[in-house]
Colleague: 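Could you have a look at this structure, given as structure tokens, before my questions?
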Amino acid sequence: MSTRRLSPRAVSAAALQYLLLGLLAFLMVFPFLWMASTSLKSFGEAFAYPPTLLPRAWRWSNYGEIFNAMPMTRFLLNSCKITGLTVLGMLLSCSMAAFALARLEFPGKRLLFASTLATLMVPYQVTLIPVFILFQYLGWKDTHYPLWVPAFFGGAFGVFLLRQFFIGVPKDLYEAALVDGSTPGGILFRIYLPLAKPALTTLGVFTFMASWNDLLNPLIYIDTLEKMPLTAGLSFLQTQYGSDWPLMMAGAMISILPILAIFFVAQRAFIQGIATAGLKG
Amino acid sequence: MPAHQAVAPQPVPGRRRGSLARTERFWGLLLSSPYILGLLFFAAGPILFSWIIGFFEWDSLTPPRFVALANWQRLFTDPLFHKALFNTLYFVLGSVPPGVLLSLLLAMAVNRGIKGITIFRTIYFTPVVTSVVAVALVWTWIYDTNVGILNLLIERTFKLFGARPPEPIAWLNDPRFAMPAIIAMSIWKGLGYNMVIFLAALQDVPTQLYEAAELDGAGRLGKFRHVTLPMISPVTFFVLAVSLIGAFQVFDQIYIMAKDGRPANSTLTIVYHLYNHAFRYLEMGYASTIGAALFLMIFAVTLFQLWAQKRWVHYQ
């Protein structure tokens, strides 16, 4: 494209294309800009008509106020803890099971793989109620356990994804290491996992987004305000300060800033992760 | 699908064979044991259990009472379930086909070798990574009847063309507009996700195919029709299947933007109905029946898609 000389028609076509893409890009970011702008307005200015695009006076104190009105620091810490443990547990247990399914022979292997495929089709709402009753029976209501412990028992999506990846790794690697006296467990952690970074990234990104943004599970398990992650806390904030838009927008900003920061730093990993899942699916 | 290829056990020479089989058996069971337990306690067991409690009336705290098919009968006569079913289908049809089409068009627009492709990709993807709760809050604010920026924009546009602006629309409080408003927000939220997948698929199409088509005299439309569409059809199938399943399970944005399916139950969806019955009215039996119905619907749609894909999905 760059070597060809561009005709005036091609130039105007390109200009039109940029214009449309730019307009759409503005549509995509506008809600975030509006969130940021509202979060810095005074209560009165937020309701002024016609609204101001940028705050007349930047009220950074809204952010201090939200930390006083709500245990925002706790929400943040809870979200970090739950999501961190969930990602760790999911990567660990899924890669172990996926490696076994891809490389080892053991009784029940085919049944296990068939069950994985079957489970992929079941919407989580079907298991929601029985699992809730199980955790209630264990006395785990209003604790964080129901939100991260299941991750340490793996998930069909992750096992399937990693198994597909491990199958693509040359089998000679496994056999050579066996001959050298390694155990299958050692081979998984020393050879296969370092090779599986792209697949682990994909699974990590999916798990991270699902856990950090999950609303339904915190909603049904957590009753105490101080134990809520950001999503449930924000939803509670809405019920308490439903009309104080600057305050709510400040809360929403705080809840999305960490994930936006991670996204902008690791956006290649995010986007590649999603794209691979789509192509390999 | 290559997914179903079984791994044949490789013959290992000599006397190590027996001990190797033992080692693999030990490690295989050891490594997959957490996952096996997970399948039993968080998947297979609950699935079975949810069918069983569908035949009981149970608040999950006192002993259950067997009611045979009463929950299923109730499901067929529950006007709110019918409403929820209708609303869910409205959401699915309103959000999935336009969303998938838009994201494909967008991916094609971005994929034309233009500069700044990564910037556009990042911008379009931003709504995907943020939580539905946070963005649903700001959209509720945008949709506000009296001081929302959307109504202001509409008013200004009308005035710009010298027309009399209409009465402000109560986007989230008018039963006619609430679901379309939520659908628009959901399309905005999911656009980047599908676009990224389509973009990767488009970049995977070998350029020789386009060159060959050009030699055969294919124009832009012909290339799209005969090269692009068939080449990306497996990905289109994946995107459609995943989007449909996700749309059937819509809950978060309704919970934030239209509490309790307001106004007048015009946004009450199946999962919201399930949530109400399970966790607010503590009717675990009936809620499980709703869940089973949702599962059957998703299963039927997925089966239909698997059947239909033979007619339009082109695997190399």
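For clarity, every value in this text was computed on a predicted model and none was experimentally measured. Chain identifiers are assigned alphabetically (A, B, ...) following the order of the sequence lines, protein sequences preceding nucleic acid strands; residue numbering begins at 1 within each chain.
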Colleague: Given that the side chain runs from C-beta out, which part of A:Met35 has a heavy atom under 4.5 Å from chain B: side chain, backbone, both or neither?
Modeller: both

Colleague: Can you name the nearest heavy-atom pair linking A:Pro107 to B:Leu29, along with the distance?
Modeller: O-CD2, 4.0 Å

Colleague: Once you round to the nearest 0.5 Å, how far does OG of B:Ser131 lie from CG of A:Leu215?
Modeller: 8.5 Å

Colleague: For chain B, find which of A:Phe264, A:Phe132, A:Phe270 contributes the most heavy-atom pairs closer than 4.5 angstrom.
Modeller: A:Phe132

Colleague: Checking A:Ser235 against chain B: side chain, backbone, both or neither under 4.5 Å from a heavy atom?
Modeller: both

Colleague: Which answer fits A:Tyr174, side chain, backbone, both or neither, if we ask what part of it has an atom under 4.5 Å from a heavy atom of chain B?
Modeller: side chain

Colleague: Taking the six-membered ring for Trp, is the centroid-to-centroid distance between B:Phe41 and A:Phe153 below 6.0 Å?
Modeller: no

Colleague: Between A:Gln136 and B:Leu61, is any pair of side-chain heavy atoms under 4.5 Å apart?
Modeller: yes

Colleague: Does any heavy atom of chain B fall under 4.5 Å from the side chain of A:Thr239, the backbone, both, or neither of them?
Modeller: side chain

Colleague: Can you tell me which of A:Phe206, A:Trp212, A:Phe99 forms the most heavy-atom pairs within a distance under 4.5 Å of chain B?
Modeller: A:Phe206

Colleague: To the closest 0.5 Å, what do you measure between OG (B:Ser33) and CZ (A:Phe106)?
Modeller: 10.0 Å

Colleague: When you compare the side chain of B:Tyr275 with that of A:Ile220, does any pair of heavy atoms fall below 4.5 Å?
Modeller: yes

Colleague: Taking C-beta and beyond as the side chain, do A:Met28 and B:Thr126 meet within less than 4.5 Å on heavy atoms?
Modeller: no

Colleague: Could you go step by step and tell me if B:Thr130 and A:Asn213 meet the side chain to side chain contact (heavy atoms under 4.5 Å, CB included) rule?
Modeller: CA-CA 7 Å; B:Thr130 49; A:Asn213 295 333; 6.0 Å; no

Colleague: Which atoms of A:Leu134 come close to chain B, meaning under 4.5 Å heavy atom to heavy atom: side chain ones, backbone ones, both, or neither?
Modeller: side chain

Colleague: Tell me, with the steps shown, if A:Thr116 and B:Tyr35 meet side chain to side chain contact (heavy atoms under 4.5 Å, CB included).
Modeller: CA-CA 10 Å; A:Thr116 302; B:Tyr35 178 57; 2.8 Å; yes

Colleague: Non-hydrogen atoms of chain B under 4.5 Å away: do they reach the side chain of A:Leu27, the backbone, both or neither?
Modeller: backbone

Colleague: I need the minimum non-hydrogen distance between A:Ile256 and B:Ala134, along with the two atoms involved.
Modeller: CG2-CB, 3.4 Å

Colleague: I want to check something: taking the side chain as every heavy atom from C-beta on, are A:Ile133 and B:Ile53 in contact at a cut-off of under 4.5 Å?
Modeller: yes

Colleague: Would you compute the distance between atom CD1 of B:Ile270 and atom CD of A:Gln125 and round it to the nearest 0.5 angstrom?
Modeller: 9.5 Å

Colleague: Between A:Ser93, A:Ser255, A:Ala46, which has the largest tally of heavy atom pairs under 4.5 Å with chain B?
Modeller: A:Ala46

Colleague: Look up atom CE in B:Met257 and atom CD in A:Gln238, then write down how far apart they are to the nearest 0.5 Å.
Modeller: 10.0 Å

Colleague: As a quick check of understanding, evaluate side chain to side chain contact (heavy atoms under 4.5 Å, CB included) for B:Leu137 and A:Leu234, giving each step before the final call.
Modeller: CA-CA 9 Å; B:Leu137 274 180; A:Leu234 215 52; 3.7 Å; yes

Colleague: Any side-chain heavy atom of A:Thr183 sitting closer than 4.5 Å to one from B:Thr23?
Modeller: no

Colleague: Might you work through the side chain to side chain contact (heavy atoms under 4.5 Å, CB included) test for B:Phe279 and A:Leu128, ending with a clear yes or no?
Modeller: CA-CA 11 Å; B:Phe279 305 109; A:Leu128 188 69; 3.8 Å; yes

Colleague: State, to 0.1 Å, how close A:Arg103 and B:Glu24 come at their nearest heavy-atom pair, and which atoms those are.
Modeller: O-OE2, 3.8 Å

Colleague: Give the member of B:Tyr193, B:Trp139, B:Phe299 that has the highest number of heavy-atom pairs under 4.5 Å with chain A.
Modeller: B:Tyr193

Colleague: If you define the side chain from C-beta out and look only at heavy atoms, does anything of B:Ile47 sit under 4.5 Å from A:Thr127?
Modeller: yes

Colleague: Under 4.5 Å, counting heavy-atom pairs only, tell me which of B:Gly291, B:Ala278, B:Pro127 racks up the most with chain A.
Modeller: B:Pro127

Colleague: Can the ring centroids of A:Tyr124 and B:Phe42 be said to lie less than 6.0 angstrom from one another?
Modeller: no

Colleague: Counting only heavy atoms not in B:Leu303, do more than 12 sit closer than 6.0 Å to its CG atom?
Modeller: yes

Colleague: Sort out for me which of A:Tyr137, A:Phe152, A:Trp34, A:Phe30 touches chain B most, counting heavy-atom pairs under 4.5 Å.
Modeller: A:Trp34

Colleague: A:Val126 versus chain B, heavy atoms under 4.5 Å apart: side chain, backbone, both or neither?
Modeller: both

Colleague: Shortest non-hydrogen contact from B:Ile123 to A:Ala25?
Modeller: CG2-O, 3.6 Å

Colleague: Measuring heavy-atom distances to chain B, does A:Ile271 have an atom under 4.5 Å in its side chain, in its backbone, in both, or in neither?
Modeller: both

Colleague: Among the options B:Phe49, B:Trp58, B:Phe125, pick out the one with the most heavy-atom pairs lying under 4.5 Å from chain A.
Modeller: B:Phe125

Colleague: Measure the spacing between CD1 of B:Ile245 and CG of A:Leu120 and express it to the nearest 0.5 Å.
Modeller: 9.5 Å

Colleague: Counting heavy-atom pairs under 4.5 Å with chain B, which one of A:Gly251, A:Ala156, A:Ala232, A:Gly154 comes out on top?
Modeller: A:Ala156

Colleague: Is the shortest side-chain heavy-atom distance between B:Phe251 and A:Leu219 below 4.5 Å?
Modeller: yes

Colleague: Which heavy-atom pair separates A:Gln17 from B:Ala109 by the least distance, and what is that distance?
Modeller: NE2-O, 2.7 Å

Colleague: Using a cut-off of under 4.5 Å for heavy-atom pairs, which of A:Asp214, A:Leu230, A:Leu216 has the most such pairs with chain B?
Modeller: A:Leu216

Colleague: A:Ser115 and B:Leu39: which non-hydrogen atoms are nearest, and at how many Å?
Modeller: CB-CD1, 3.9 Å

Colleague: In terms of ring plane angle, is the pair B:Trp188 and A:Phe32 parallel, tilted or perpendicular, where the classes change at 30° and 60°?
Modeller: tilted

Colleague: Using heavy-atom distances under 4.5 Å, tell me whether A:Phe26 contacts chain B through its side chain, its backbone, both, or neither.
Modeller: neither

Colleague: Evaluate the side-chain proximity of A:Tyr18 to B:Phe120: yes if any heavy-atom separation is below 4.5 Å, no if none is.
Modeller: yes

Colleague: Check the angle between the aromatic planes of B:Trp141 and A:Trp245 and answer parallel, tilted or perpendicular using the 30° and 60° thresholds.
Modeller: parallel

